[in-house]
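What follows is a set of notes on a single structure, which appears directly below.
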There are 2 protein chains.
Amino acid sequence: MKSQFGEKIRTLREKQNLYLRQVAPLLEMDTAQLSKIEKGMRQLKREQIPIIAEILKASSDELMTLWLADQIYAVVKDEKMANEAMQVAEKNINQTKRKK
Amino acid sequence: MKSQFGEKIRTLREKQNLYLRQVAPLLEMDTAQLSKIEKGMRQLKREQIPIIAEILKASSDELMTLWLADQIYAVVKDEKMANEAMQVAEKNINQTKRKK
DNA sequence: TATTGACTTGTCAAATATTGGCAAATATAA
DNA sequence: TTATATTTGCCAATATTTGACAAGTCAATA
């Protein structure tokens with residue numbers, strides 16, 4: 001499993017028949033960087049997600065979900081206690097929510 | 001929710017009637033740092049978890065779980081798509097496991 | 001096979017983020 | 001007050017991530 005987010009934006013970009021060189025400048029980066037992002041070798045900045053969502057006519061929430069999932073995965077990948085940690089974290093999230 | 005890991009090691013330390021100044025040197029840090037770690041203002045290094053587990057006579061797996069949960073929480077805290085992201089990440093973890 | 005265009009990869013300095021260490025502050029008890 | 005334990009603030013040191021560029025691969029095709 002590489003990068004769900006990267007794979008997704010690549011697919012979306014290809015569906016729109018856009019080249020890296022067309023999309024990259026809209027995100028103020030060069031094609032090399034965007035290529036790495038699509039391959040999961042770099043992370044897009046969180047605040048750029050709404051921007052790329054608009055460029056690719058995709059749901060910002062969906063892209064954000066994949067982007068966050070990649071971040072989480074990076075933390076627990078190869079960890080023996082991954083599932084247990086996820087359970088604990090999930091509990092914390094929901095507790096925080098309830099408090100608001 | 002601050003730091004599950006920090007709260008846990010503080011509780012364990014107090015149960016053993018140990019002072020920061022006694023534990024910190026065993027982790028090659030000063031009391032200020034350990035204090036911050038217990039309060040969730042700093043992260044213990046991943047590789048030090050087995051060490052502190054031994055010092056505090058606790059389960060390394062349990063501490064690792066809490067430590068990882070803190071890292072995950074840091075990623076998704078305040079994120080609208082937190083729960084969705086957790087679901088996606090969990091799926092990825094289990095897929096990776098199956099492949100091994 | 002030479003050229004072109006799209007994409008990829010490697011490197012490295014610059015920008016960011018995190019940590020370590022110290023000193024001073026606070027807190028509590030005697 | 002003094003002593004001890006812990007906390008906080010600061011900033012330099014260290015580590016990590018990013019940006020930019022050059023050179024590389026690959027596929028299509030003239």
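Every chain is numbered from 1, with letters handed out A, B, ... down the list of sequences.
To the nearest angstrom, P of dT6(D) lies 13 Å from CG of D30(B).
The hydrophobic cluster containing L12(B) does not contain Y19(B), counting ILVMFWY residues as joined when their side-chain heavy atoms lie under 4.5 angstrom apart, directly or transitively.
Enclosure of atom CD in Q22(A) by more than 12 non-hydrogen atoms of other residues, nucleotides or ligands within 6.0 angstrom is indicated.
In this structure, CG in L44(B) is found 10.5 Å from CD in E38(B), a value given to the nearest 0.5 Å. The CD atom of Q87(B) sits 9.5 Å away from the CE atom of M86(A) when rounded to the nearest 0.5 Å.
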**Message:** Using a 4.0 Å heavy-atom cut-off to protein, can you give one letter per nucleotide of nucleotides 4-20 of chain C, 5' to 3': B if the base is in contact, S if only the sugar-phosphate is, - if neither?
**Reply:** --SSBBBB-------BB

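Salt bridge K39(A)/E7(A): absent, no basic N to carboxylate O contact under 4.0 Å.
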